[in-house]
Amino acid sequence: MSEQQDRQAEGYDFRAIQDRWLPVWEDLRPFEAGKAGDDRPKKYVLDMFPYPSGDLHMGHAEAFCFGDILARYWRGRGYDVLHPIGWDSFGLPAENAAIKRGVDPREWTYANIEQQKASFRVYAPSFDWSRVLHTSDPEYYKWNQWIFLKMYEKGLAYRKASWVNWDPVDQTVLANEQVLADGTSERSGAVVVKKKLTQWYFRITDYADRLLDDLDQLEGKWPTKVLNMQRNWIGRSRGAEVEFEIEGREQRVPVFTTRPDTLHGATFMVVAPDSDLAAELAAGASPEVRMQFQAYLEQAQKQSEIDRQNADREKTGVFLDHFAVNPVNGERIPVWAADYVLADYGHGAIMAVPAHDQRDLDFALKFELPVRVVLDVRGEDGESLPDPVESGVALAGDGTLVNSAELDGLSKADAIARAVEILEERGTGRAATTYRLRDWLISRQRYWGTPIPILHAEDGSMQPVPESALPVVLPSSEGLDLKPKGTSPLGGATEWATVVDPETGATLTRDPDTMDTFVDSSWYYFRFLSANDGTQAFDPAEAKKWAPVDQYVGGVEHAILHLLYSRFITKVMHDLGYIDFEEPFLDMLNQGMVLLDGAKMSKSKGNLVEFASELRDHGADALRVTLAFAGPPEDDIDWADVSVQGSAKFLARAWRLADDVQGSGSAPGASFASGDAALRRATHRLLADAPGLVEQYKFNVVVARLMEQVNVTRKAVDSGCGAADPAVRESVEAIAVILSLFAPYTAEDMWAKLGHEPTVALVTWPEADPALLVEDEITLVVQVDGKVRDRLTLPASVSAEDAEAAARASAAVQRAVGDRAVVNVVVRVPKIVSIATKPAA
RNA sequence: GCCCCCAUAGCCCAACCGGCAGAGGCAGCCGACUUAAAAUCGGCACAGUCAGGGUUCGAAUCCCUGUGGGGGCACCA
């Protein structure tokens, strides 16, 4: 057998390496956190838990790769790291699969979980498998119900009748957050319609200010994009509430405006057609107006959300035959109903200032209502802008108040402040804030979710299920009609739904709805702390030890939904006294998507890269290195741009170095001090730079640095100091330790070849030696008028004076300066000397 | 309409507080090994940083304007 073949036979074989180490790790269980007596500092690294719809896909591979890099990194830095895994296993896909294929949602769900667990086993993220949870287990959702009861006690869970988003395909209501900007359901893609229903809500709007203001604490720690999205979503808007009298009506009508400065320009009022006020005013109008209003209301409700949101749409409305009185000037203004005013924002009514609001102007021009300019707005040329009636453009800018009595002459900002004062003095208004955010609608008319722990009596009264009776266990799906029909399948489980009150003997009925699955995921990071505790949702002492989550990793698709709900529930837990912090996730990494040929992968488009086949063909390590190396983790990865073969080649190169060291007779534990100085410097630069790079999520750069280190070490082995040199061992050990973040199998095998015991995952990183980071010589660049003219090799300790003298002495520099006069010399040792000149006098 | 992010070799991407545009990879080319190929190894070449203006001794980096791309919010008063 030739040496060549011999080598090949012993070559890098990822399958053999995986098979070698998997059983060893499963035996060692190295990633169980919080063992007794472990007093290392703590880190809680969490990946957003997966939904079990089939096997893992490339998106999972990416997200869990990044989370695992960070978990393994902090272990290497000497931390006790909690890195748990669980499944977000309630939800519609299970139910839809059940309907389509006639299987039990429970069976379908748990079979998928088993498949994902098996894939994770090979992919080998460093999970603590002793804390696994599934939100569809009664042991978990019991605590959803407990949270619901706590919130019910505090008045944070309530029921109301309202116009809700209705998904006609899934036949259930949706939260606002689940309706996309185009008016379709994020789940089914159906066009969402409005329905008036009585539903359960969580009062998240009570927390709007805190949810918004606390985002400031996350600045620089969360992606700006996510902070921005949350701010937009909460949509705080400050202004004033102004009360208008309506002739013939006892109570005054409040409206919200951000522009109380323009009160004198309010020439009509508009109410939302689907508001109670509109119905009341129409009822008191002439039969003719009543009929017009009825027709208008019906037509408005038929509009789809998409049509409604089209801003170019022509304004419509009907006069309600009533007049309001402007509180600042006593003027009578007509009251209209128009669908450009929304019933559920502010008070469902506005004061219309057509001169200074484009929507009001459009309406006024269409229905020939008066327009009064109250703010003199100037253009760039200093001239007053043309009259809105002429131009059709409302004057939205800043200016000086006119036609506004006591406000005349004030600027916009001053007038806003003064107007609020005046309103407050007269008792007809006050400063006010409104939000875009609405309360969180949590009931769903579907089966596969957490039953709402409420009992209904025949007289319509409600009582909570006592805590001692939890969990309210979801009944078997057998015999239930799961098909979407607009009412909850649980209503059909008569035996389950009927309860006899032990005290009164009265017959009670269980609430047939289940909770939005975002309730499940809004607190799961607490449950991991006490996953096996049957007596409480989580142990506050464990929370004190581990929480909040130090590092969260997940997709930006949850930027609003899951993250907002989680922040809300965390604040509620804080207010209930269970925890002493208010933000659940201190740092967050949002990974990009894995694309193929520029498009999102999907089976229907036929551009699918299968996780399972990639894992089989290339192994976990090559896959993980490819994902980490593809670019910044936040960016999308196009699978067409990357090379898994290239990653495998790199891993084989790294592995062969360990093989060479093993073959050289080098033994572990010896001093590195006598090793090759140049290689040692390279190794220590890597050790010095890698932590900062990982902490800045520059995983691609760390992999590049590892490649570089492998390259220089290869050179040292082949044409330098040779494999037996201590510096080579030092370098390869450093490579193995850092590589273990990205390629745990290969690194473990290298570690063993270097003569160490498993596992490299628990090895504390070697410290960089500062003495090896200083160079003796530096290259000083000399610029003349911004152009590089010479490079000088000088001692690293060179003084500014000596550097300048050397620069001036350079022949190349003197040539560049010529007979021009030197006007400025900037010296920045040890980097650069910059000489500025001007023509000789 | 309002707000946010991005733009560097053919491609994916580096470049610290403003200081030599290149770390790494893919693809390409040349060479070694091989009967040959693959694998492996060695080497080479490639842009002046989207455009225009400004600040500065010095700009990929800071500021302004524009173009292109991506994202969030939107008849929200």
**Q** Across all strands shown, which nucleotide pairs with B/rC2 by Watson-Crick or G-U wobble geometry, both distances under 3.5 Å?
**A**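 Paired with B/rG72.
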**Q** Across the strands shown, which category fits A/R438 at heavy-atom distances under 4.0 angstrom: base, sugar-phosphate, nothing?
**A** base
**Q** Could you tell me whether the phosphate oxygens of B/rC4, OP1 or OP2, come under 4.0 Å of any side-chain nitrogen or oxygen in A/R231?
**A**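 False: A/R231 side-chain N/O out of range (4.0 Å or more) of B/rC4 OP1/OP2.
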**Q** Whether A/R653 contacts B/rC41 is assessed here as follows: a side-chain N or O lying under 4.0 Å from the phosphate OP1 or OP2. Is that the case?
**A**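 Looking at the OP1 and OP2 atoms of B/rC41, one of them is under 4.0 Å from a side-chain N or O of A/R653.
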**Q** With sequence neighbours left out, write down each residue that passes ring-ring contact (aromatic ring centres under 6.0 Å, His included) with A/H684, or none if nothing qualifies.
**A** none
**Q** Roughly how far apart, to the nearest Å, are B/rC44 and B/rU56 at atom C1'?
**A** 38 Å
**Q** Using a heavy-atom cut-off of 4.0 Å across all strands, would you classify A/D344 as base, sugar-phosphate, or nothing?
**A**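 No contact at all - A/D344 keeps every heavy atom at 4.0 Å or more from the nucleic acid.
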**Q** Do A/L627 and A/V642 touch side chain to side chain, with heavy atoms closer than 4.5 Å?
**A** no
**Q** Both distances under 3.5 Å, Watson-Crick or G-U wobble: report the partner of B/rA36, or none.
**A** none
**Q** On a whole-Å scale, what distance lies between the P atoms belonging to B/rG10 and B/rG70?
**A** 23 Å
**Q** Anything under 3.5 Å between a protein N or O and an N or O of nucleotides 26-31 of chain B, put it in a table, one pair a line.
**A**
residue	atom	partner	partner atom	Å
B/rC26	OP1	A/K649	NZ	3.3

**Q** Identify every side-chain donor-acceptor pair in residues 344-356 of chain A under 3.5 Å, counting partners at least two apart or on other chains, and give the distances.
**A**
residue	atom	partner	partner atom	Å
A/D344	OD1	A/R438	NH1	3.0
A/D344	OD2	A/R438	NH1	2.8
A/Y345	OH	A/T434	OG1	3.0
A/H347	NE2	A/E241	OE1	3.0
A/H356	ND1	A/L395	O	2.9
A/H356	NE2	A/V374	N	3.0
A/H356	NE2	A/L375	N	3.3

**Q** Can you tell me, in whole Å, how much space there is between the C1' of B/rG72 and that of B/rC12?
**A** 27 Å
**Q** For residues 695-715 of chain A, pull every pair meeting ring pair (Phe, Tyr, Trp, His ring centres under 6.0 Å), keeping only residues two or more places apart or in separate chains.
**A** A/F66-A/F699
**Q** Hey, is the main chain of A/L297 close enough, under 3.5 Å, to the side chain of A/D274 for a donor-acceptor pair?
**A** no
**Q** Would you call the rings of A/H562 and A/H558 parallel, tilted or perpendicular, taking 30° and 60° as the class edges?
**A**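 Taking A/H558 first and then A/H562, their aromatic rings stand perpendicular (interplane angle over 60°).
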**Q** Is A/R685 paired with A/D689 through a side-chain N to carboxylate O contact shorter than 4.0 Å?
**A**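 No, no charged N to carboxylate O under 4.0 Å.
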**Q** Between B/rG71 and B/rC62, how far is it from one C1' atom to the other, in whole Å?
**A**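 Their C1' atoms lie roughly 25 Å apart.
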**Q** Going by purine N1 to pyrimidine N3 plus the second Watson-Crick contact, or the G-U wobble pair, all under 3.5 Å, which nucleotide sits opposite B/rC16?
**A** none
**Q** Inspect the contact between A/D13 and A/R15 and indicate whether a charged nitrogen and a carboxylate oxygen are less than 4.0 angstrom apart.
**A**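 Result for this pair is no, no salt bridge flagged.
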**Q** Rounding to the closest angstrom, what is the interatomic distance between B/rU61 and B/rC26 at atom C1'?
**A** 27 Å
**Q** List in chain and number order the residues that pass salt bridge (Lys or Arg N to Asp or Glu O under 4.0 Å) with A/D597, two or more places apart in sequence or in another chain; answer none if no residue qualifies.
**A**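 If we apply the salt bridge (Lys or Arg N to Asp or Glu O under 4.0 Å) test to A/D597, skipping adjacent residues, there are no hits.
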**Q** If you check the A/M707 side chain, which of B/rA77, B/rG25, B/rG42 turns out closest?
**A**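 The listed nucleotide nearest to A/M707's side chain is B/rG25.
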**Q** Of the nucleotides B/rA77, B/rG25, B/rC73, which has the atom closest to the A/I560 side chain?
**A** B/rC73
**Q** Mind checking the P distance from B/rA9 to B/rC50? Whole angstroms is fine.
**A**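 One P to the other, the span is 8 Å.
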**Q** Atom pairs, N/O to N/O, protein against nucleotides 5-10 of chain B, distance under 3.5 Å?
**A**
none

**Q** Do the side chains of A/R231 and A/D216 get close enough for a salt bridge, i.e. N-O under 4.0 angstrom?
**A** yes
**Q** Sequence neighbours left out, what passes salt bridge (Lys or Arg N to Asp or Glu O under 4.0 Å) with A/D209? Give chain and number order.
**A**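 Only A/R236 meet the salt bridge (Lys or Arg N to Asp or Glu O under 4.0 Å) criterion with A/D209.
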**Q** Does A/T779 or A/T258 map to a spot on RNA chain B nearer the 5' end, using the closest nucleotide for each?
**A** A/T779
**Q** Produce the list of close N/O pairs, under 3.5 Å, pairing protein atoms with atoms of nucleotides 13-18 of chain B; give distances to one decimal.
**A**
residue	atom	partner	partner atom	Å
B/rC13	O3'	A/N700	ND2	3.3
B/rA14	OP1	A/N700	ND2	3.4
B/rA15	OP1	A/K698	NZ	2.8

**Q** A/D621: which residues meet the salt bridge (Lys or Arg N to Asp or Glu O under 4.0 Å) condition with it, sequence neighbours left out?
**A**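 By the salt bridge (Lys or Arg N to Asp or Glu O under 4.0 Å) rule, A/D621 matches no residue at all.
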**Q** A/R815: what forms a salt bridge (Lys or Arg N to Asp or Glu O under 4.0 Å) with it, not counting sequence neighbours?
**A** none
**Q** With the 90 degree cut-off around zero defining syn, does B/rG43 come out syn or anti?
**A**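 Here the answer is anti: the torsion falls beyond 90° from 0.
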**Q** Could you measure between the two P atoms, the one in B/rG19 and the one in B/rA59, and give it in whole Å?
**A**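 It comes out at 11 Å once rounded to the nearest Å.
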**Q** Given that A/V781 and A/G346 both sit by RNA chain B, which one's nearest nucleotide is further toward the 5' end?
**A** A/V781
**Q** Would you tabulate the pairs of protein nitrogen or oxygen atoms and nucleotide nitrogen or oxygen atoms of nucleotides 48-57 of chain B closer than 3.5 angstrom?
**A**
residue	atom	partner	partner atom	Å
B/rC57	O2	A/S834	OG	2.3

**Q** Parallel, tilted or perpendicular for A/W336 and A/F363, by the 30°/60° rule?
**A** perpendicular
**Q** Determine which nucleotide pairs with B/rA9, using a 3.5 Å limit on both distances of a Watson-Crick or G-U wobble pair.
**A**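 Its partner: none found.
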**Q** Show every donor-acceptor pair shorter than 3.5 Å between a side-chain atom in residues 264-271 of chain A and any protein atom, with sequence neighbours excluded, or say none if there are none.
**A**
residue	atom	partner	partner atom	Å
A/H264	NE2	A/S404	O	3.3
A/T267	OG1	A/P370	O	2.8

**Q** Across all strands shown, which nucleotide pairs with B/rC46 by Watson-Crick or G-U wobble geometry, both distances under 3.5 Å?
**A**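 Partner of B/rC46: none found under 3.5 Å.
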**Q** Where does B/rC17 land, syn or anti, given syn is within 90° of 0?
**A** syn
**Q** B/rA45 and B/rG25: how far apart are their P atoms, nearest whole angstrom?
**A**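 After rounding to an integer number of Å, I get 15 Å for this pair.
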